[in-house]
Amino acid sequence: MSKTLTNRKDDYAQWYNDLVLKSGLADYSAVKGCMVIKPHGYALWEHMRDELDKRFKETGHQNAYFPLFIPKSFLSKEAAHVEGFAKECAVVTHYRLKNDPNGGGVIVDPDAKLEEELIVRPTSETIIWNTYKDWIQSYRDLPLLINQWANVVRWEMRTRLFLRTTEFLWQEGHTAHATREEAINETTKMLEVYATFAEEFMALPVVRGVKTANERFAGAEDTYCIEALMQDGKALQAGTSHFLGQNFAKAFDVTFQDKDNKREFVWATSWGVSTRLVGALVMAHSDDEGLVLPPKLAPLQVVIVPIFSKDPAAIAKINALADELVSTLKKQGIRVKFDNDDNVRPGFKFAEYELKGVPVRITLGARDIENGIAEVARRDTKEKAGVALDGLAAHVAQLLVDIQANMFNTALKFRTDNTTRVDTWDEFVQVLDEKAGFISAHWDGTSETEEKIKELSKATIRCIPLNNAQEVGKCVLTGKPSKERVLFARAY
């Protein structure tokens with residue numbers, strides 16, 4: 001397969017698909033709409049998962065696991081929830097196959113029809129809240145702070161690797177609380193966990209905000225979100241945290257005895273991020289040569305490529321130096337590889353590691369060693385420099401820190417440069433078509449206007465930023481009074 005990628009400016013969507021496939025992140029599968037996550041992509045997800053899991057546990061949460069299948073009747077208990085997911089549900093109707101008497105392989109056994117159909121989970125609120133009914137009896141059982149790492153299925157008509165697939169991996173937190181205030185605090189706390197992870201590990205600046213009524217999670221009272229901007233000027237929702245109020249507690253009769261011996265319904269939250277974050281990472285940072293990965297998440301942070309001569313003594317010297325450097329870097333917790341496969345030319349290795357987004361490449365050649373230096377190349381800026389062998393490990397360790405910071409600052413500058421305040425509809429349309437990015441504009445607060453703007457422009461209200469400045473103005477479409485600006489964008 002050719003490693004040449006489509007140019008981002010020529011066809012951003014094709015560039016993204018090329019990059020995901022050719023860099024070894026994922027592949028298409030035999031099941032339409034589903035993907036195979038390859039080792040390089042799964043390693044990225046593992047680093048995300050491990051860091052998030054650590055943060056969840058530091059905030060008092062425990063992991064559990066609930067069934068993949070949900071009785072159909074459970075989804076009927078919360079009206080808004082079932083309406084929100086009904087069109088995306090995969091339904092299991094039978095539990096057995098049998099040989100086709102006509103010789104056509106296997107067929108569904110018509111005698112094996114389930115008494116009640118099972119839904120392949122699109123999300124787990126219903127089955128979890130049915131379980132919580134048995135787990136929660138008293139205020140002493142609260143708060144209940146549970147997280148699940150799992151897969152879910154949402155039957156998508158138009159799919160794109162990592163960004164929108166029929167099956168995807170994610171985590172979903174589901175918590176129960178004694179008071180409204182505790183549940184809201186949990187919702188915003190977990191939003192901040194997501195936001196700091198995105199910014200500190202993914203080098204991805206995000207806007208923290210709340211969704212409008214039209215855009216909130218089915219069955220929630222409020223949906224909080226983090227929104228990121230991709231290089232093509234489209235927004236991507238990178239994580240959500242939902243205040244569910246008492247909706248699910250009432251639907252599944254989950255009550256507790258409070259300190260005054262009164263029965264009360266519990267207050268609920270749910271929150272989640274998915275393998276969509278891998279897609280966000282690709283689109284926010286990468287270039288026409290391949291992936292650009294933040295060091296904190298890169299499966300491989302440093303690669304050492306030797307330039308071997310035919311002199312056995314020189315080869316031995318390079319190998320000894322590389323082994324020593326690998327040992328030193330590993331002791332510092334740095335993920336490093338010495339690629340001494342002499343069946344592959346150095347130029348091919350350079351291109352391959354550039355495609356895969358390895359943050360730092362060190363080249364060791366006999367002449368360089370004689371001069372007491374090594375060539376060090378950084379993936380983010382493509383800068384190369386000769387670095388003294390004495391102190392090389394310390395230089396590389398600091399370089400990884402510098403790359404992480406530079407990637408965040410570059411993405412932040414891009415977002416700042418591509419966030420535009422507009423006051424008229426003509427400006428709104430012009431910016432969307434000619435510049436894209438986030439648009440900060442007034443909105444009259446009605447669902448009707450929000451839907452009309454979406455219909456006319458394909459732009460949605462991404463969020464109302466938290467701690468939003470209050471500013472009297474006029475709606476960009478209707479001219480009606482508005483008390484604040486909101487963020488619009490076309491989005492994935």
Side-chain angles (χ1 to χ4, degrees), residues 61 64 66-67 69-89 116 118-139 141-148 150 152 154 170-191 194 209-225 237 239-258 262-274 445 447 450 461 463-464 466:
H61 301 82
F66 296 85
F69 301 115
I70 300 171
K72 186 180 71 173
S73 58
F74 284 16
L75 282 177
S76 302
K77 291 187 177 184
E78 213 292 326
H81 191 67
V82 70
E83 184 180 351
F85 284 102
K87 294 180 180 179
E88 299 179 342
C89 288
E116 179 181 2
L118 296 173
I119 309 303
V120 182
R121 63 174 168 232
T123 181
S124 297
E125 275 78 7
T126 55
I127 194 148
I128 286 177
W129 279 94
N130 183 74
T131 305
Y132 283 1
K133 177 173 58 179
D134 297 324
W135 289 5
I136 298 170
Q137 304 299 328
S138 161
Y139 68 89
D141 300 321
L142 299 172
L144 182 58
L145 308 176
I146 299 294
N147 175 65
Q148 171 174 245
V152 292
R154 297 179 185 175
W170 77 346
Q171 58 74 212
E172 47 181 323
H174 299 272
T175 69
H177 304 266
T179 68
R180 179 186 186 91
E181 291 71 27
E182 285 181 18
I184 292 174
N185 287 340
E186 165 80 4
T187 309
T188 55
K189 176 170 69 178
M190 298 318 293
L191 183 79
Y194 290 151
V210 63
K211 291 288 190 182
T212 63
N214 283 11
E215 296 289 328
R216 72 171 59 123
F217 178 73
E221 288 194 18
D222 273 314
T223 289
Y224 296 81
C225 61
Q237 179 181 285
T240 50
S241 185
H242 314 290
F243 170 56
L244 302 177
Q246 294 178 310
N247 294 342
F248 286 90
K250 290 177 179 177
F252 289 89
D253 194 28
V254 184
T255 64
F256 71 102
Q257 185 171 300
D258 68 14
K262 294 179 181 178
R263 300 301 299 182
E264 299 285 352
F265 287 106
V266 300
W267 298 83
T269 81
S270 67
W271 29 272
V273 296
S274 74
S447 294
E450 182 180 3
I461 297 176
C463 70
I464 304 168
L466 297 184

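In this model, a donor atom of one side chain and an acceptor atom of the other lie less than 3.5 Å apart for Thr223 and His242. Ser241 and Thr187 share no side-chain donor-acceptor pair at under 3.5 Å.
Across all non-hydrogen atoms, the minimal contact from Val266 to Ala249 is O-CB, 3.4 Å. Summarising the geometry of Asn247 relative to Ala220, their closest heavy-atom pair is ND2-C, 4.4 Å, with the distance given to 0.1 Å. The two residues Ser124 and Gln148 come nearest to each other via the heavy atoms OG-NE2, 3.4 Å. Counting all heavy atoms, side chain and backbone alike, Ala178 lies closest to Phe256 at O-CZ, 3.6 Å. Ile146 approaches Ala64 most closely through the heavy-atom pair CG2-CB, 3.8 Å. When all heavy atoms of Ile127 and Pro71 are compared, the closest pair comes out as CD1-CD, 4.3 Å.
Between the CG atom in Leu244 and the CD atom in Glu125 there is a gap of 6.0 Å [rounded to 0.5 Å]. Separation of atoms CG (Leu118) and CD (Glu116) is listed at 7.0 Å; rounding is to 0.5 Å. We find the NE2-CG distance between His177 and Leu144 to be 8.5 Å, quoted to the nearest 0.5 Å. Rounded to the nearest 0.5 angstrom, Leu75 CG and Thr126 OG1 are separated by 4.5 Å. Rounded to the nearest 0.5 angstrom, His174 NE2 and His61 NE2 are separated by 11.5 Å. Separation of atoms CD1 (Ile128) and CZ (Phe252) is listed at 10.5 Å; rounding is to 0.5 Å.
His81 places a side-chain N or O within 3.5 Å of a backbone atom of Ala218 that can act as its donor or acceptor partner. Judged purely by atom type and a 3.5 angstrom limit, Glu172 has no side-chain atom pairing as donor or acceptor with the backbone of Ser270. Side chain of Arg216 to backbone of Glu221: a donor-acceptor contact under 3.5 angstrom is found. No donor-acceptor distance shorter than 3.5 angstrom exists from the side chain of Glu186 to the backbone of Thr175, with no hydrogens or angles considered. Asn185 places a side-chain N or O within 3.5 Å of a backbone atom of Glu181 that can act as its donor or acceptor partner. Under a 3.5 Å cut-off, the side chain of Arg121 and the backbone N or O of Phe66 do form a donor-acceptor pair. Judged purely by atom type and a 3.5 angstrom limit, Gln257 has no side-chain atom pairing as donor or acceptor with the backbone of Gln137. At distances below 3.5 Å, at least one donor-acceptor pair connects side-chain atoms of Gln246 with backbone N or O atoms of Phe265.
Between Trp267 and Phe243, the two ring planes are parallel [angle under 30°; tilted spans 30° to 60°]. Between Tyr132 and Trp129, the two ring planes are perpendicular [angle over 60°; tilted spans 30° to 60°].
Counting heavy atoms from C-beta on, the side chains of Thr123 and Trp170 come closer than 4.5 Å. Using a 4.5 Å heavy-atom threshold, the side chains of Val120 and Phe69 count as touching. Two residues are said to be in side-chain contact when any heavy atoms from C-beta on lie closer than 4.5 Å; Tyr224 and Leu466 meet this criterion. Using a 4.5 Å heavy-atom threshold, the side chains of Thr240 and Cys225 count as touching. Contact of the Trp271 side chain with the Asn147 side chain is registered, since non-hydrogen atoms from C-beta on lie closer than 4.5 Å. At a threshold of 4.5 Å between non-hydrogen side-chain atoms, the residues Val254 and Phe248 do not count as touching.
By the 6.0 Å contact criterion, NZ on Lys72 is open, its count of non-hydrogen atoms from other residues, nucleotides or ligands being 12 or less.
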